[in-house]
Amino acid sequence: MPPTPSWSAGHSESAVSPVSSAPAGPPLGSDPDGSHAAAAYPSGVELTFEEPRRPLRTVSTVLGVALALAVLGAPLGLLWAALAPDTPVLKVAEGAIYAEPQPEQPIAADGWFSLLGLAFGVLAALVLWFVLRRQRGPVGLLGAVLGTLAAAPVAWQVGRRVGLATFDRLLDTAPAGQAFTKPADLRAGGVDWLLHVLPVPHGNLLLPAFGAAVTYTLLAGWSRWPSLRPEPDPAAFSWVSAGTPAPTTAPEPPAPGAAEPPRG
């Protein structure tokens with residue numbers, strides 16, 4: 001019976017390896033934390049969602065949002081005219097004067113416009129946040145602010161003109177001492193012209209833009225996505241399913257001098 005081969009300390013690795021030209025890898029059992037196995041078997045795909053910069057598309061999006069919000073300023077003005085009370089006036093030789101020494105109707109008109117404008121800005125920011133999900137960020141914020149800035153003067157001019165033609169006609173034809181009403185108008189806000197070219201709103205005309213900017217900024221601060229845009233779960237794009245077992249390491253050779261188990 002031939003002698004049973006056994007491992008000895010004098011045997012080199014080249015004597016037991018049939019292929020000496022194979023690339024040398026890390027020693028067996030030298031990777032206790034499994035980092036090499038994790039590198040060889042990636043468990044997920046690193047996804048990036050950066051979109052290419054398109055200046056024309058960005059500008060068109062901002063202008064489209066601003067134009068849409070500016071058009072919505074017309075129904076806002078009609079709502080303000082319906083809620084704000086008219087001011088009683090008396091016809092005199094010089095024109096019209098307040099029927100009361102200190103009327104409260106002009107203050108109520110300013111208050112209604114402030115509340116409606118602030119609510120309009122908040123709602124505009126919420127709608128833009130959920131509708132334009134792929135344009136969240138500076139583009140959405142800029143569109144919301146510019147749009148509400150444009151909507152406020154539109155609402156003011158539309159609302160103040162409701163009943164203004166009747167007021168002007170009575171002011172020209174009514175006899176002295178006749179009482180009638182003046183439509184709602186703003187006293188705490190208006191528009192100044194910079195260099196007679198650029199309109200600059202002030203007062204409570206700025207409240208819609210203020211509400212939109214604050215609401216949009218708070219939504220961005222509470223967003224769970226770093227890019228503010230909905231991102232798919234990277235686990236859905238995993239190369240290896242969660243149920244695939246991790247590769248096992250090769251068994252270590254027996255210690256030097258250890259006898260090989262008998263073969264049947």
Side-chain angles (χ1 to χ4, degrees), residues 65-128 143-218:
V65 170
L67 180 60
L69 291 178
V71 171
L72 291 177
L76 177 64
L78 295 177
L79 179 61
W80 170 58
L83 295 176
D86 295 338
T87 304
V89 295
L90 287 175
K91 174 66 182 296
V92 295
E94 294 80 8
I97 61 174
Y98 289 136
E100 303 173 358
Q102 296 181 350
E104 298 179 356
Q105 288 81 5
I107 301 176
D110 281 325
W112 274 113
F113 190 90
S114 300
L115 292 177
L116 292 175
L118 190 61
F120 178 80
V122 172
L123 289 177
L126 289 173
V127 171
L128 291 178
V145 171
L146 292 180
T148 49
L149 277 177
V154 172
W156 171 40
Q157 291 300 320
V158 170
R160 69 183 294 270
R161 294 179 186 278
V162 176
L164 186 60
T166 302
F167 172 76
D168 291 338
R169 179 177 56 82
L170 291 175
L171 189 62
D172 294 336
T173 60
Q178 182 176 350
F180 49 95
T181 59
K182 180 183 178 181
D185 203 348
L186 291 183
R187 297 193 307 176
V191 176
D192 295 333
W193 291 89
L194 181 62
L195 301 177
H196 303 283
V197 176
L198 183 64
V200 180
H202 61 86
N204 49 8
L205 290 181
L206 298 176
L207 285 177
F210 174 77
V214 171
T215 304
Y216 202 94
T217 304
L218 289 177

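What you are looking at is a predicted structure, and each value in this text was computed from that prediction instead of being measured.
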Closest heavy-atom contact between [X] and [Y]?
| X | Y | answer |
| --- | --- | --- |
| Ala151 | Phe120 | CB-CE2, 3.6 Å |
| Ala144 | Val65 | N-CG1, 4.2 Å |
| His202 | Asp192 | CD2-OD2, 3.4 Å |
| Gln157 | Arg161 | O-CG, 3.0 Å |
| Thr181 | Phe167 | O-CD1, 3.4 Å |

Please tabulate, for the side chains in residues 72-93, all donor-acceptor contacts under 3.5 angstrom to protein atoms that are two or more places apart in sequence or on a different chain.
{"residue": "Trp80", "atom": "NE1", "partner": "Ala109", "partner atom": "O", "Å": "2.9"}
{"residue": "Lys91", "atom": "NZ", "partner": "Leu171", "partner atom": "O", "Å": "3.0"}
{"residue": "Lys91", "atom": "NZ", "partner": "Ala174", "partner atom": "O", "Å": "2.8"}

Quick one: does any side-chain atom of Thr215 pair with a main-chain N or O of Ala212 as donor and acceptor, under 3.5 Å? no
To the nearest 0.5 Å, tell me how far Leu115 CG sits from Asp110 CG. 11.0 Å
Output the distance between atom OG1 (Thr166) and atom NZ (Lys182), rounded to the nearest 0.5 Å.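 Here the interatomic distance stands at 14.5 Å.
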For the residue pair [X] and [Y], establish whether any side-chain heavy-atom pair is separated by less than 4.5 Å.
| X | Y | value |
| --- | --- | --- |
| Ser114 | Leu207 | yes |
| Thr148 | Phe210 | no |
| Trp156 | Pro201 | no |

Taking CD in Gln178 as the centre, count heavy atoms belonging to other residues, nucleotides or ligands within less than 6.0 Å. Is the count above 12?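 More than 12 within 6.0 Å, yes.
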Which residues pass the salt bridge (charged side-chain N to carboxylate O under 4.0 Å, His left out) test with Asp185, sequence neighbours left out?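 Listed in chain order: Arg160.
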